[in-house]
**Student:** 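For reference, the structure I am asking about is given below.
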Amino acid sequence: MHLRIDTNMTANPFTVMPVIMAGGSGTRLWPLSRAGCPKQFLVLSGTRSLFQSAAQRLTSLADGAIDIEPAVVVANEDHRFLVAEQLREIGLADAVALLEPVARNTAAAMTLAALYATQGDADPVLVVSPADHLVADGQAFATAIGEAAHLAAAGCMVTLGVTPTRAETGFGYIRVAAAPAPGAGMPVLHFAEKPDDATAQRYLDGGDYFWNSGIFVVRASVWLAMLNRYRPDIAQATRSAWDQQTTDGRFIRPGKAEFAAIPAESVDYAVMEKAANEGAGVALRMVPLAAGWSDLGAWDTVWAVSEKDAAGNVSHGDVVLRDSRNTLVHATARLVGAIGLDNLLIVETADAVLVSSRDRSQDVKHLVGELAQRDRSEHLVHREVHRPWGRYVNIDAGARFQVKRILVNPGASLSLQLHHHRAEHWIVVRGTAEVTCGDKTLLLTENQSTYIPLGEVHKLANPGKVPLEVIEVQSGAYLGEDDIVRFGDSYGRS
């Protein structure tokens with residue numbers, strides 16, 4: 001669906017470039033969200049991932065009334081194939097992905113997008129949105145973006161604020177003054193970080209504070225000028241990384257060493273708070289957003305926006321609840337039964353279970369940090385791991401053996417590779433496998449198998465038009481994923 005923006009508010013034509021910030025880690029939605037597949041790439045509502053919904057929302061803002069350029073996605077290098085595949089699924093393969101080698105927060109990410117946008121003396125209005133938000137009313141969203149875009153085209157730096165409905169401690173806040181005229185936006189007086197309970201209640205009671213949506217609308221040149229004014233170190237370091245860029249199809253990579261040297265700061269800390277406190281320079285404006293917005297930052301927020309039963313319970317998957325209320329149970333791999341619960345969160349995956357009181361949902365990130373300190377893998381990947389050629393599922397593992405189910409997309413192939421410490425047995429369950437083993441190539445169909453000796457160069461490909469499913473049994477002294485030597489990898493991982 002195309003959502004029309006009214007362009008009658010200004011006589012000066014301008015273009016809009018959607019920018020989707022997809023670099024978050026989503027630690028508070030563990031164990032569903034992992035470093036290898038964070039929350040923005042998960043389907044938490046409807047049939048699309050949060051990232052796909054954001055991309056569709058931003059690229060469908062107009063129907064001929066305004067020029068919408070192809071989207072720009074800023075994402076982590078490790079998620080590039082998730083980004084590409086999810087964009088392909090929704091017909092947005094023309095989007096460009098700017099790949100961060102390491103996380104450096106939103107100021108650097110937004111500056112990458114601005115540097116890309118201003119190539120060739122262009123200066124579009126950037127509509128910058130996180131990839132992990134939920135918006136219920138698409139037309140109301142488009143109306144708010146339209147007002148913000150016209151203010152930005154005139155030189156303002158605009159953010160969208162959400163009227164608070166509760167004393168929320170998980171969001172930042174924006175304090176504003178009344179709009180001087182219709183369509184002029186509300187002057188921004190102050191940006192406030194996530195408050196404690198008492199402060200959040202004071203903000204709610206005051207009536208002049210809005211939730212900070214993290215959505216910014218600004219001309220690319222205006223953002224670059226503001227960053228140069230308030231954080232010239234970030235501006236210079238990001239430009240140095242941009243100048244060392246390399247391009248691979250729709251992927252653009254800034255210089256790795258140069259990007260790692262950029263100070264990590266959010267847009268709010270780097271620019272917005274300073275500009276609001278200074279009260280001079282570029283006009284800061286806020287446009288209210290009344291579109292059923294939610295930042296799905298924690299499981300308590302997921303409970304708040306989900307459909308509930310008569311007792312206030314939210315259940316997903318194979319769940320049986322008795323005598324429970326105000327509880328969320330999210331099951332993905334097995335039956336979960338619960339009795340006599342009140343105000344709890346239970347999230348089950350194939351390899352981990354989270355149990356928490358709802359009012360402690362913000363603390364899940366600390367549990368994830370402890371897993372990292374203990375060198376556990378459960379904060380990094382699921383048993384199902386996505387790869388550019390498809391995915392694999394860890395089925396079983398023990399001393400000197402590991403069993404996986406490998407699914408290869410039609411026409412795709414794994415890289416030509418060898419392992420120093422393990423041998424592999426492959427059994428074709430579905431489809432046709434083209435197997436290279438040393439100097440031999442053979443075709444295997446369902447119920448046929450082959451053996452890959454330790455140290456042998458090999459490759460698995462799917463020449464067919466249906467997915468290839470293979471059971472792989474690994475055996476050897478070391479079974480880690482880093483025991484791979486790739487030759488001529490077509491996915492840039494050699």
**Student:** Would you indicate whether the side-chain heavy atoms of Val329 and Val314 approach each other to under 4.5 Å?
**Tutor:**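 Answer no - side chains too far apart.
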**Student:** Given side chains that start at C-beta, do those of Ser361 and Arg28 come closer than 4.5 Å, heavy atoms only?
**Tutor:**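 They are not in side-chain contact.
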**Student:** So, for Pro18 and Pro70, which heavy atoms are closest and what is the spacing to 0.1 Å?
**Tutor:**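 In this case the closest contact between Pro18 and Pro70 is CD-O, 4.3 Å.
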**Student:** Closer than 3.5 angstrom, by distance alone: can the side chain of Thr106 be matched with the main-chain N or O of Ala109 as a donor-acceptor pair?
**Tutor:**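 No, because the side chain of Thr106 does not come within donor-acceptor range (under 3.5 Å) of the backbone of Ala109.
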**Student:** Taking the six-membered ring where the residue is Trp, are the ring centres of Phe81 and His386 under 6.0 Å apart?
**Tutor:**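 Here the rings of His386 and Phe81 have centres that are no less than 6.0 Å from each other.
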**Student:** Checking Asp268 against Ser266: is there a side-chain donor and acceptor pair closer than 3.5 Å?
**Tutor:**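 Short answer, no.
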**Student:** May I ask you to decide if Phe251's main-chain N or O and Asp248's side chain share a donor-acceptor pair within less than 3.5 Å?
**Tutor:** no
**Student:** Could you measure the distance from the CE atom of Met110 to the CG atom of Asn105? Nearest 0.5 Å is fine.
**Tutor:** 12.5 Å
**Student:** Atom CG in Leu418, atom NE2 in His420: separation rounded to 0.5 Å?
**Tutor:**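 Taking CG in Leu418 and NE2 in His420, the distance rounds to 5.5 Å.
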**Student:** Could you check whether atom CD of Glu307 has more than 12 heavy atoms from other residues, nucleotides or ligands sitting under 6.0 Å from it?
**Tutor:** no
**Student:** Take Glu481 and Lys404 through the salt bridge (charged side-chain N to carboxylate O under 4.0 Å, His left out) test and state the conclusion after the steps.
**Tutor:** CA-CA 12 Å; Glu481 281 299 302; Lys404 294 181 177 180; 2.4 Å; yes
**Student:** Treating Glu193 as the side-chain partner and Gly172 as the backbone partner, does any N or O pair qualify as donor plus acceptor under 3.5 Å?
**Tutor:**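 Looks like no, no N/O pair under 3.5 Å.
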**Student:** Quick one: does any side-chain atom of Gln362 pair with a main-chain N or O of Arg360 as donor and acceptor, under 3.5 Å?
**Tutor:** no
**Student:** Do the non-hydrogen side-chain atoms of Phe216 and Val267 ever get within less than 4.5 Å of each other?
**Tutor:**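 Yes, at least one pair of side-chain atoms sits under 4.5 Å.
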**Student:** Is the Lys NZ or Arg CZ of Arg358 less than 6.0 Å from the centre of Trp299's six-membered ring, within 45° of the axis?
**Tutor:**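 Not satisfied by the 6.0 Å and 45° rule.
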**Student:** Count the heavy atoms of every other residue, nucleotide or ligand shown that sit under 6.0 Å from CG of Asp482, and state whether that count exceeds 12.
**Tutor:** yes
**Student:** Once the angle between the rings of Tyr451 and His425 is folded into 0 to 90°, is it parallel (under 30°), tilted (30 to 60°) or perpendicular (over 60°)?
**Tutor:**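 Answer is tilted, since the angle falls between 30° and 60°.
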**Student:** Verify the neighbour count for atom CZ of Arg250: are there more than 12 heavy atoms of other residues, nucleotides or ligands below 6.0 Å?
**Tutor:**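 Enclosed: over 12 neighbouring heavy atoms sit under 6.0 Å from CZ of Arg250.
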**Student:** Can you name the nearest heavy-atom pair linking Glu456 to Cys437, along with the distance?
**Tutor:** CG-SG, 3.7 Å
**Student:** Once you round to the nearest 0.5 Å, how far does CD1 of Ile406 lie from CD1 of Ile427?
**Tutor:** 11.0 Å
**Student:** If you draw a 6.0 Å radius around CZ in Arg334, do more than 12 non-hydrogen atoms from other residues or ligands fall strictly inside?
**Tutor:** yes
**Student:** If you compare all heavy atoms of Leu92 against all heavy atoms of Ala55, which two are closest, and at what distance to 0.1 Å?
**Tutor:**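 Here Leu92 and Ala55 meet closest at CD1-CB, 3.8 Å.
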**Student:** Is there a donor-acceptor pair under 3.5 Å between the side chain of Asn76 and the backbone N or O of Arg80?
**Tutor:**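 Pair absent, no side-chain N/O of Asn76 close to backbone of Arg80.
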**Student:** Under a 4.5 Å cut-off applied to non-hydrogen side-chain atoms, are Val408 and Leu460 in contact?
**Tutor:**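 They are in contact (side-chain heavy atoms under 4.5 Å apart), so the answer is yes.
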**Student:** State, yes or no, whether a side-chain contact exists between Leu50 and Leu44 at a heavy-atom distance under 4.5 Å.
**Tutor:**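 Counting from C-beta outward, Leu50 and Leu44 do come under 4.5 Å.
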**Student:** Would you check if Ser129 and Ile20 make a side-chain contact, meaning some heavy-atom pair closer than 4.5 Å?
**Tutor:** no
**Student:** What heavy-atom pair brings Val428 and Ala433 nearest, and what distance separates the two atoms?
**Tutor:** CG2-CB, 3.9 Å
**Student:** Inspect the surroundings of CD in Gln236 and state if more than 12 heavy atoms from other residues, nucleotides or ligands are less than 6.0 Å away.
**Tutor:** no
**Student:** Between CZ of Phe41 and CD of Glu85, what distance do you get to the nearest 0.5 Å?
**Tutor:**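 Separation between the atoms: 12.0 Å.
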**Student:** Measure the spacing between CD1 of Ile215 and CE of Met21 and express it to the nearest 0.5 Å.
**Tutor:**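 Reported to 0.5 Å precision, the distance equals 11.5 Å.
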**Student:** Does NZ or CZ of Lys308 lie under 6.0 Å from the centre of the six-membered ring of Trp303, at an angle within 45° of the ring axis?
**Tutor:**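 Cation-pi check for Lys308 and Trp303: passes.
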**Student:** Please answer whether the main-chain N or O of Asp359 pairs with a side-chain N or O of Asp300 as donor and acceptor at a distance below 3.5 Å.
**Tutor:** no
**Student:** With heavy-atom distances below 4.5 Å as the criterion, would you say the side chains of Ile145 and Val217 are in contact?
**Tutor:** yes
**Student:** Please report the shortest heavy-atom distance between Pro463 and Glu434, naming the atom on each side.
**Tutor:** CD-N, 3.9 Å
**Student:** Any sub-3.5 Å donor-acceptor pair from Thr327's side-chain atoms to Leu344's backbone N or O?
**Tutor:**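 Judged by distance alone, yes, a pair lies under 3.5 Å.
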**Student:** Are the side chain of Arg34 and the backbone N or O of Val381 linked by a donor-acceptor pair below 3.5 Å?
**Tutor:** yes
**Student:** Compute whether any side-chain donor of one residue and acceptor of the other, for Thr111 and Trp223, lie under 3.5 angstrom apart.
**Tutor:**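 Note: Thr111 and Trp223 side chains meet the donor-acceptor criterion.
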**Student:** Could you tell me whether the side chain of Thr27 and the main chain of Lys365 form a donor-acceptor pair under 3.5 Å?
**Tutor:** no
**Student:** Against the six-membered ring of Phe141, is Arg57 placed for a cation-pi contact (under 6.0 Å from the centre, within 45° of the normal)?
**Tutor:** yes
**Student:** With the threshold set at 4.0 Å, does a side-chain nitrogen-carboxylate oxygen contact exist between Lys39 and Asp295?
**Tutor:**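 Yes.
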**Student:** Please examine the side chains of Val16 and Pro124, heavy atoms only from C-beta on, and report whether any two atoms are closer than 4.5 Å.
**Tutor:**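 Pro124 does not reach Val16 side chain to side chain.
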**Student:** Roughly how far apart are Glu472 CD and Ser449 OG, rounded to 0.5 Å?
**Tutor:**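 Here the rounded value is 13.0 Å.
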**Student:** Please walk me through it: do Phe171 and Asn212 pass side-chain contact (heavy atoms from CB on, under 4.5 Å)?
**Tutor:** CA-CA 7 Å; Phe171 299 156; Asn212 184 355; over 6 Å; no
**Student:** I would like to know whether Leu367 and Leu371 meet side-chain contact (heavy atoms from CB on, under 4.5 Å); could you show each step before the answer?
**Tutor:** CA-CA 6 Å; Leu367 190 150; Leu371 292 176; 4.0 Å; yes
**Student:** Identify whether the distance between the nearest side-chain nitrogen and carboxylate oxygen of Asp342 and Arg325 falls below 4.0 Å.
**Tutor:**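 Salt bridge present between Asp342 and Arg325.
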**Student:** Are His458 and Trp426 an aromatic pair, judged by ring center distance below 6.0 Å?
**Tutor:**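 Trp426 vs His458: aromatic centres under 6.0 Å.
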**Student:** Where do His382 and Pro31 come nearest, in terms of heavy atoms and distance?
**Tutor:** CE1-O, 3.1 Å
**Student:** Does any donor atom in the side chain of His419 or Glu424 lie under 3.5 Å from an acceptor atom in the other side chain?
**Tutor:**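 Their side chains do contain a donor-acceptor pair, which is all the 3.5 Å distance test asks for.
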**Student:** Between Arg374 and Glu370, is there a salt bridge with N-O shorter than 4.0 Å?
**Tutor:** yes
**Student:** Using a strict cut-off of less than 4.0 Å between a Lys/Arg side-chain nitrogen and an Asp/Glu carboxylate oxygen, indicate whether Arg253 and Glu258 qualify as a salt bridge.
**Tutor:** no
**Student:** If we ignore hydrogens and angles and just use 3.5 Å, is the side chain of Arg104 paired with the main-chain N or O of Ala260 as donor and acceptor?
**Tutor:** yes
**Student:** Hey, mind stepping through Trp389 and Asn462 against side-chain contact (heavy atoms from CB on, under 4.5 Å) and telling me if it holds?
**Tutor:** CA-CA 9 Å; Trp389 40 261; Asn462 180 2; over 6 Å; no
**Student:** Tell me whether Glu446 is salt-bridged to Arg430, with the criterion being a basic N under 4.0 Å from an acidic carboxylate O.
**Tutor:**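 Result for this pair is no, no salt bridge flagged.
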**Student:** His133 vs Trp293, test: ring-ring contact (aromatic ring centres under 6.0 Å, His included). Steps then yes/no.
**Tutor:** CA-CA 7 Å; His133 291 176; Trp293 173 93; 5.2 Å; yes
**Student:** Can you tell which of Leu99, Val83, Val96, Leu98 makes a side chain to side chain contact (heavy atoms under 4.5 Å, CB included) with Val74?
**Tutor:** Leu98
**Student:** Show your reasoning for whether side-chain contact (heavy atoms from CB on, under 4.5 Å) applies to Ser49 and Gln40.
**Tutor:** CA-CA 7 Å; Ser49 72; Gln40 58 266 31; over 6 Å; no
